[in-house]
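For reference, the structure discussed in these notes is given below.
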Amino acid sequence: MLRAALRSLLQHKLRLSLTLLAVVVGVAFVAGTYIFTDSLKRSFDALFSAPQPDVSISVDTGFNQQGGGGGGGGAAAGDQAATLPQSLVATVSKVSGVAAAYGVVSADGALVIGKDGKVVGQNGPPARGSTYVADTAISAIALASGSAPVGPDQVVLLESTATSAGVSIGDSVRIDTPGGTVRPIVVGLATRGISGSDGSTLALFDLPTAQKLMLRKADVVTGVVVRADPGVSQDSLKATLTPLLPANARALTGTQRSADIADRLSTAFQFINVFLLTFAFIALFVAIFLIFNTFSMLVAQRTRELALLRAVGASRAQVRRSVLAEATVLGLIAAVLGVLGGIGVSQGLRLLLRGFGADLPSGPLVIEPRTIVVSLVVGVLVTLVSAYVPARRAAIVPPVAAMRDEITLPNRSLIVRTVSGSVLLLLAFLLARVALSTLDDGTRAAQLAGLSALCALIAVIALAPMLGRGALFVMGWPFSGSAIGRLARENGRRNPRRTAATSSALAIGLALMTTIGVIASSTKASVADVIDTTIGADFVVFGAKFQPFSPDVYRSVKDTAGTSAVTYVRQIPIKVGTEQSVLTGVETDVFPRVVDLTMQSGTISGIGLGQVVVDDKTAATLKLKVGDTVPATFVNGASSLVLKGVYTQAGPYTGWITSIPTLMSIGARELDSAVYVKVAPAGDVGAVRVSLDAALADTPTVKLQDQASLKDQINGQFDRVFGFIYALLALAVIVAFLGIVNTLALSVHERRREVGLLRAVGTSRPQIRRMVVLEAVLISLFGAAIGVALGLVYGSLLQKVLEPQGITKLAVPGGQILWFLALSVVGGVVAALWPAFTASRLDVLKAIASE
Amino acid sequence: MTNAAHATALTKVYGSGDTRVTALDSVDVEIETGRFTAIMGPSGSGKSTLMHCLAGLDFISDGRVWIGDVELSGLSDKNLTKLRRDAVGFVFQAFNLVPTLTALENITLPLDIAGRKPDQAWLDTVIDTVGLRDRLKHRPSELSGGQQQRVACARALASRPTIVFADEPTGNLDSRSGAEVLGFLRRSVDEFGQTIVMVTHDPGAASYADRVLFLADGRIVDEMHGPTADLVLERMKAFEAGRS
């Protein structure tokens, strides 16, 4: 039987190759994801082989690495450098077992300005200013060339930073720091073990310079790094040092630090892996439809052959096994090719991510045995699952079918599918209604909505054959005037299950695309709405990398003629209970004029030292009311605040808001996160813009934005994220179109007699081609239509679920959806080209000759 | 008498070298207009090949073929298709109808493909002649084998072609249905002056024709006018005897 299975595989190799391709694409995506993340992981191994301090001491702030939560209108989350007294260095140095101890500074906010006058690096990753530790035994950062920085006029740059800035050793480079703008000479270039760049930049100074520029204080450091005497273990040294440390500091051994970093990276990789795998499995899921269709059709075409096998004594189980054996062989071949394709996909993912702004370190290609095992298992399993039903159907072919002349598998009734589909659709509807009534509980609503979407998807797949007959009739109506149009329409309708499976594959892809589209446009509309309704200012100044910037900016614009209000805000991280948030310091008398703040109770105007207002959600979570005393912790200590008011969370600011004096009393760095400018009613917006541009001309570290450009900038960021998701979903859509190619190719083969007849009675080749293309267009348009419909419904539902997260406006991307439909038509045409060509070239005589 | 189709020195060769088979060996044939011609011969005699070549379904190796006064050799696939559509009607042994179209749609298919309006009076005449008035909305799968062949005949006539080719039109039918179909073909010759060429190996079917051509080994070996089933059978037996 195995020989029969293999032989039939070879006979149908052309038709199977497309099925193979679908599995290959899916498996390659899975394999590529693993290869990509494994390789990425490996490229970070250099981090761990680099030298590092035996013990490092830093401040234990209790805050997450990322700092505070939600910021203001995309502005920097609160920033505050946690420091230790420099005297600690001397204390530690004297401890026996310590060979050397160095005070170090490392803080965000050293913006390197390139030769082109622009800030180097990308938004998001930090622009760090640090001390250079010359002790090569413990310094992860090594000098690649040049010398260590000495004195206020020397700096060492990371090689990638220097390259981006267009400077080399001996050049002077402009660096804007919290301590002001400096122009030191580049004396050396450093590497940190891994190639590539994550978009962050690094400038290295000697300790006094770093203290002055980054911390604006001479007697503090952000950490101490220690080299142990030979023979002294990291653990014992840590134990010796720990009692000497201030309460807010902690010591970590080198091993612990490596473990910490490895842990963080592994979490990040896990996330990337799962994220990418999700899309790989969507593509595989779509591929299942394709494989199912192919095997169904091959079985139908081979009915006589299978019946002959049965007639000469093969049992049903043997016939079934023979079809499944075919599937296994096919799955294995596809999986092997998929693993190879995965190498290409991993490179593609790297390029894709680079295209979306993440320049990842490169390293050797890592193909773990796990990758191969998973790919093989997934490839074979997916193929077997999809071939199971066709295999069962093959087994019930009666032996007598071998003697019959014409072979028709009965068109089974659609009642079961229609009834179960309707029930599921009802269930989906009810679940959606429940989800809408539990919007307060975001997680629960999301789960219900997801479940509802799943039900609806299965329901639509189940109902598709029934829907398809009607839909194709209607959609084909404009073409029904011509015989060719009618033939195409009826060809699409004659095998509703096949058409439905083909369309469903496309529908899944487009449903996801449309959902993302609705969420994307709703998000943008919501952002625009927030900006329109809550920002009263005409201009906002943000850090070019959304980093905090010097108060000089505020000073240079505050007296601009024609303005009615100019004000600045500062932010630091704050923690109340376990809720990490942001404390924003504002000029309480001016701020309400530039940012709309609707008070539910209490007031913000004139709040005094140690007094705050908070948004309604946080107040509700923490069960706070006006007048309560709130115990809060900060990076550098703790403080009690008195709640004076609660505002409705709507605008760019969430969390805690207080006065500037309160913020400074907590120890914030003197750095602003935003400056707002409101033009006077009689003022000339254009003239104000010109003055502001002039005032900020020499400050590349900040960006002046009006409301429109602010929206553009935020939308641009969303576009990148959503664009990335679209790119990944595109793969599933491509697989779906492969499915259309395959279905049509097999249909044409199945109907070759009919095509021959049509040719004999005078149908021209172009007409045959038109007939096949039109059928493809109808199938893909049907798939696209139900996909878009599902996507619209669930995109809207998701928007409702996400309303508490700030997506308050529902916006349907009409133009985009029209594009989806138009592209589906184009895709259908392209998918039909090859089958149409084959059909038109069929030999008339062969096609009509009786067997 | 004019010819609806004719061929001179028609030769058809399949394959080359050792596998070379001469299916038609320099055949000269004339198909007279308004008459019912049957082509008979044992299996492998080349009778189907002859029909395919006359009908423009197959390319010939040598010689010349005309339908009406149009010469087929040298016509592009496009023009050949157009000729088949407008000047030729077909009735095959099986797979005659498009399963997705109704009986009526199948009948008007060549006209629809050409984008021509059917002549309603003629269409009614044809439909009534084949007796399918109450079956027009049915799909082929809902018709009996005989009804399907009658639909095929109606289709072949609907466009008033120069010539109708029927390839074993009764091969798959029981004798009663076969007689109906043959009777209908006969009537279309008698009443409408249609030209029909029918390939068959059934002497009974051949007896409906005005003239029978006998084919053996790719050549026309005999001809009979006003045949009867018995005469044809006798002649066939003689060939068989002569061959063995």
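Reminder, nothing fancy here: chain letters follow the sequence lines and each chain counts from 1. Predicted, not measured: the structure shown is a model, and the values here were computed from it.
- Taking chain A as the reference chain and counting heavy-atom pairs below 4.5 Å, the highest number among B:Asp77, B:Leu101, B:Asp58, B:Leu111 is found for B:Asp77.
- By the 30° and 60° cut-offs, the orientation of the rings of B:Trp122 relative to B:Phe192 is perpendicular.
- Identified by a heavy-atom distance below 4.5 Å to chain B, the contributing residues of residues 759-774 of chain A are A:Arg759, A:Ala760, A:Val761, A:Gly762, A:Thr763, A:Ser764, A:Arg765, A:Gln767, in residue-number order.
- At least one donor-acceptor pair closer than 3.5 Å links the side chain of A:Thr499 to the backbone N or O of A:Gly492.
- Side chains of B:Thr129 and B:Arg187: a donor-acceptor N/O pair is absent below 3.5 angstrom, by distance only.
- Heavy atoms closer than 4.5 Å to chain A are found in both the backbone and the side chain of B:Leu57.
- Looking only at distances, no side-chain donor or acceptor of B:Asp25 sits under 3.5 Å from a matching main-chain atom of B:Arg219.
- In this structure, chain A has heavy atoms under 4.5 Å from both the backbone and the side chain of B:Val98.
- Listed for the B:Ser26 side chain is no donor-acceptor partner under 3.5 Å among the backbone atoms of B:Thr11.
- For the side-chain hydrogen bond (donor to acceptor under 3.5 Å, both in side chains) with A:Glu490, the lone residue among A:Arg493, A:Arg486, A:Arg494 that qualifies is A:Arg493.
- For the pair B:Thr49 (side chain) and B:Ala23 (backbone), a donor-acceptor distance under 3.5 Å is absent.
- Heavy atoms of B:Leu97 lying under 4.5 Å from chain A belong exclusively to its backbone.
- Remark: side-chain polar atoms of B:Arg150 are not paired, donor with acceptor, to backbone N or O of B:Phe184 under 3.5 angstrom.
- Counting heavy-atom pairs closer than 4.5 Å to chain A, the top residue among B:Asp86, B:Thr100, B:Asp112 is B:Thr100.
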